[in-house]
Amino acid sequence: MFIKKGLARVIENSRREKTIEISLKTLKGTFIASAPSGKSKGKHEVADYNERGIVWSVKLINQFLEKLTHKNLSIRRIQDLEILDKSLHDFEHSFGKIGGNARYTLESVILKAAAKEDRKELWQFVHDSIGSGPVKMPMPVGNCIGGGLHSVGIKGKKPDFQEFLLIPNEKRFSTAVTKNIHAQNYAKKLVRRKNKVLFLKRNDEGAWNTGTTNEETLDILKEVADKFNLRIGLDVASSSFCNSQGYYPYKNKELFRDRLEQVEYMKNLIEKYNLFYVEDPLNEEDFSGFKELLAQVSGKKTLIAGDDLTTTNLKRVERAVKANSINAVIIKPNQIGSLLEVMKVVDFCKKNKIKMIFSHRSGETMDNAIADYAIGFGADFIKTGIYGPERLVKLRRIMQIEKEIF
Ligand code: PGA
Ligand code: ZN
C-alpha cells in the first residue's frame, strides 16, 4: 500500500474530552480512525498518551507518519502490523512513547487502508488473517441503567454498581438490538416512577441515570427483562469503590463488606436475580476472589468477566484463566494499545473457551471499527450501549454486515 499522506490531530469525544484522530491517504482513498477513552480505567491499562500529553503524542505521530509518506507499506494480514511495530519501536526509542490510544489509532487506520487494498471489509480482513472459521454475529450487551463512576450529578442515593445490562438471546443481531431499545424505553417508565421524577437524564453511555439503590435498580432491570424475555447482567466495576485495604464500603445500603462477604453478596445476587453476566465483581488485583465466586456459580452458566482485572493484557488474561478466576473477558483494544496484542488475547481465549466481549468505552467517537473487530475476531458479545449516536453507529455497522452476509 502506497502512503500518500498521513495526519494526526486532536478531536473531542462524546464527553468533550480530547482524543486522537488519524487520517491516512493512500492510492485507494482516505481512511480515518480515532480512539475512545475510559472513565473507570483499570490500573494495569497502558498509558493513553506520551507523558507530556496528547498534543505531544500527536506531534510524535505526525513525525512518524512523515517517515511513512511516499513509501510502500506491505500489510497483507493483521500479523504484518509487526513491521509497523518494529519501526515504531525504534522511533519511540529515540523520540519517546506515543501511548496506547495513539498506537491503537495508528494500527486501526492502517488496517482500514490495508483492507481496502485487498478489496475487503475491515472485519473480513481480520477474519481472513486469523482463519477463524465460520463468521458469527456477536450478541449485544446493552447498558440500560447506570450507577457508580458513570452517575452524573446525583448527590444522595445511587447505585454503587456501574452498569445494569440487558443481554438478548436472539438468532439475529438486528432483532436483539430492537429488543434492547424497546426494553430501555420501558425501563424509563419504571426508573422514573421509582425516582419520582418527570425527567430522567442519561449518562455518558446513554444509560438512565438513577437515584435508586443497587437492589432497587436490579428489581427494575428484572422486571424489564421478564417483560422482554432478556438476560441480565452487571458491570460491578468494583475496583472503583473498593478501598486500599481491600474492603468494599457500600453507600447503598451502607455496609462495609470484606472480600469474602463481597464474594457471598455477588453469589446471592446471581441467585436472586438469575444474573447471566457479572463483570469485575471483585477488585482488579483479587484473582482468588474471582476464583472463589466462579467456583460457587459454576454449573449455572453465569459469565464471570474480567475487565479491570485483565485489561486486555495477555499475561493478566493467562493468569486469570489459569487460576480459574474468569470464564469471560472484556476486550478493549485501547486498554493494551495494540491490535497485535488483541490478536494474541483472542487466540488464547479461543483455545481456552473463554467468552469474549468486545467493548466500547464510556467516552466514544463516531468510529465504528470496534464492530468490525468484534466480528472479525469472532467475539461472542459486543458491549456498546443502547442509545446515542456514538453507540448506534457501532450497532448499525453490525446490522449492516449481518444484512450483507446472512
Ligand atoms: P470506562 O468503563 O469505559 O469508563 O472505562 C467501561 C467499563 O468499565 O466497562
Ligand atoms: Zn467494566
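Note that ligands are numbered from 1 as they come in the structure, with each ligand's atoms numbered from 1 the same way.
Looking only at N/O/S atoms, Asp307 comes nearest to the Zn ion (ligand 2) through OD2.
Taking the ring axis of Tyr186 as reference, the NZ or CZ atom of Lys227 stays within 45° of it and closer than 6.0 Å to the ring centre.
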Is there any protein N/O under 3.5 Å from an N/O of ligand 1, and what does the full list of such pairs look like?
| unit_1 | atom_1 | unit_2 | atom_2 | d |
| --- | --- | --- | --- | --- |
| ligand 1 | 2 (O) | Ser40 | OG | 3.3 |
| ligand 1 | 3 (O) | Arg361 | NE | 3.1 |
| ligand 1 | 3 (O) | Ser362 | N | 2.8 |
| ligand 1 | 3 (O) | Ser362 | OG | 3.4 |
| ligand 1 | 4 (O) | Lys39 | N | 2.6 |
| ligand 1 | 4 (O) | Ser40 | N | 3.0 |
| ligand 1 | 4 (O) | His150 | NE2 | 3.0 |
| ligand 1 | 4 (O) | Ser362 | OG | 2.5 |
| ligand 1 | 5 (O) | Lys39 | N | 3.4 |
| ligand 1 | 5 (O) | Ser40 | N | 3.3 |
| ligand 1 | 5 (O) | Ser40 | O | 3.2 |
| ligand 1 | 5 (O) | Arg361 | NH2 | 2.7 |
| ligand 1 | 8 (O) | Ser40 | OG | 3.3 |
| ligand 1 | 8 (O) | Gln162 | NE2 | 3.0 |
| ligand 1 | 8 (O) | Asp235 | OD2 | 3.1 |
| ligand 1 | 8 (O) | Asp307 | OD2 | 3.2 |
| ligand 1 | 9 (O) | Asp235 | OD2 | 3.1 |
| ligand 1 | 9 (O) | Glu279 | OE2 | 3.2 |
| ligand 1 | 9 (O) | Asp307 | OD2 | 3.1 |
| ligand 1 | 9 (O) | Lys332 | NZ | 3.1 |
| ligand 1 | 9 (O) | Lys383 | NZ | 3.2 |

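Not counting sequence neighbours, the partners of Arg391 by the side-chain contact (heavy atoms from CB on, under 4.5 Å) test are Ser14, Glu205, His360, Glu364.
Surrounding CD of Glu271 are more than 12 heavy atoms belonging to other residues, nucleotides or ligands, all under 6.0 Å away.
Aromatic ring centres of Tyr265 and Tyr250: separated by under 6.0 Å.
Glu341 has no carboxylate O lying under 4.0 Å from a charged side-chain N of Arg103, or vice versa, which leaves the two without a salt bridge.
Coordination check, Glu279 versus the Zn ion (ligand 2): passed, since an N/O/S atom of the residue sits under 2.8 Å. In summary, an N, O or S atom of Asp235 is located under 2.8 Å from the Zn ion (ligand 2).
Looking at heavy atoms from C-beta onward, Pro36 lies out of side-chain contact with Thr365 at the 4.5 angstrom threshold.
For the residue pair Asn203 and Asn209, no side-chain donor N or O sits within less than 3.5 Å of a side-chain acceptor on the partner.
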